[in-house]
Amino acid sequence: MSIEIKLPRSKPESQGVNSSGIERFLKAVEDKLLDLHSFMLLRNGNVLAEQWWPPTTPESPNVLFSISKSFTSTAIGFAAAEGLLSIEDQVLSFFPEEVTPNIESNMSELRVRHLLTMTTGHAQDPTASMRDEADGNWIKGFLEIPLEEPPGTRFVYNSGASYLLSAIVHRVTGQTLLNYLQPRLFKPLGIMDITWDTCPKGIECGGWGLHARTEDIAKFGQLYLQKGSWNGKQLLSESWVEDATMSHITTERENGIDKQQGYGYQFYRCRYDAYCARGANGQFCIVVPERNAVIVITSRVTNMQEVLDLVWDNLVSEME
């Protein structure tokens, strides 16, 4: 049974953060009529500021959209540490029952690391076609979509790749992604009542569909900031955290300067030597190691870069 754990609270100035920057940030959100739902600022493991916009409350589950991807890659990190897979494994090796001559010739060079870094070789995100598979077999739907470039050569945003990562975890562990993460991630962090949407075959969507509270997202970011350590115990390999959050491929064609800093294992790099789990409509879990800070925002906005600009200009800049 999980026990809910609350993060400690502290005053901004006690952690070297100027309160006026937080006030400017919140005022700018109001002045620009940005539809933020929740906001939480952590430094040194302490919550220094939090804000909720009705009808959102601290107990409200948020639809995380593509923040889900970073949780999925974390499951791959656990599975790799347990010797259940390697990121150099061929993707087809996990699904031999789906392999046809055409799939073999098309997908033989695709490896787990290409799924993690969204360098599969697809010309565009195959998710829609994958989900249209008549019998609900998204794995087969993904594998049948032709690759137009050699895997590893170019970043193309790919939620289908994240689903395949979820399916791989399901295959090597014999558990759903949610159940696999419960004792390894959610229970130690005191994260409760997590839900995750699934495909018609009961496999978590991986790239989307996770529902969690704002403080749960903050705990996840804090775990990464602490390089996988939590309450003195190494939950996730420090080397995995480092590899997952470094840039493995250029993203210079993406829109917005903070999406152009490179991509790790289902994490975007950002300015300020930071990295970010991010989801559609303005869901952010921003980790800033140089400031020992985590910033979480849920929202419904059209210009996500505008929100990040406010974060850098008013929050990060005010950290001593």
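Side chains included, hydrogens not; waters and symmetry mates left out as well; all remaining heavy atoms used. Not measured: the values here are computed from a predicted model.
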Could you tell me whether a side-chain N or O of [X] sits under 3.5 Å from a main-chain N or O of [Y], the two making a donor and an acceptor?
| X | Y | value |
| --- | --- | --- |
| Asn44 | Asn46 | no |
| Glu148 | Ala123 | no |
| Asp313 | Leu310 | no |

Test item: side-chain donor near acceptor, [X] and [Y], under 3.5 Å:
| X | Y | answer |
| --- | --- | --- |
| Ser14 | Ser10 | yes |
| Tyr263 | Thr119 | no |
| Thr72 | Lys69 | no |
| Thr100 | Asn102 | no |
| Ser60 | Thr57 | yes |
| Asn62 | Gln283 | no |
| Tyr265 | Thr74 | no |
| Gln226 | Gln222 | yes |
| Gln266 | Ser162 | yes |

Atom [atom1] of [X] and atom [atom2] of [Y]: how far apart are they, to the nearest 0.5 Å?
| X | Y | atom1 | atom2 | value |
| --- | --- | --- | --- | --- |
| Phe71 | Leu210 | CZ | CG | 5.5 Å |
| Ile217 | Ile295 | CD1 | CD1 | 13.5 Å |
| Trp208 | Ser159 | CH2 | OG | 6.0 Å |

- Note on the structure: For Asn158 and Pro126 the tightest heavy-atom approach is OD1-CD, 3.2 Å

- Note on the structure: Here the pair of heavy atoms bringing Trp312 nearest to Ala274 is CH2-CB, 4.0 Å

Would [X] and [Y] pass as an ion pair if we require N to O under 4.0 Å?
| X | Y | value |
| --- | --- | --- |
| Glu98 | Lys140 | no |
| Lys6 | Glu59 | yes |
| Glu82 | Arg184 | yes |
| Lys201 | Asp135 | no |
| Glu13 | Arg43 | no |
| Arg300 | Asp35 | no |
| Arg291 | Glu318 | no |

- Pairwise side-chain contact, Ile87 with Trp240, heavy-atom cut-off 4.5 Å (strictly under): yes

- Side-chain contact, heavy-atom cut-off 4.5 Å: Leu41 with Met319? yes

- Where do Glu252 and Arg154 land on the salt bridge (charged side-chain N to carboxylate O under 4.0 Å, His left out) test, with the steps shown first? CA-CA 10 Å; Glu252 60 187 8; Arg154 184 163 71 95; over 6 Å; no

- Query: Run the side chain to side chain donor-acceptor pair (under 3.5 Å) check on Thr56 and Ser38 step by step: do they pass?
  - Reply: CA-CA 7 Å; Thr56 306; Ser38 64; over 6 Å; no

- Tyr268 ring centre to Arg278 NZ or CZ under 6.0 Å, with the angle to the axis within 45°? yes

- Task: Look at the aromatic rings of Phe267 and Phe220 and report parallel, tilted or perpendicular, splitting at 30° and 60°.
- Result: parallel

- Message: Taking the ring centre of each residue, are Trp138 and Tyr163 less than 6.0 Å apart?
- Response: yes

- Greater than 12 external heavy atoms within 6.0 Å of Asp132's CG: yes

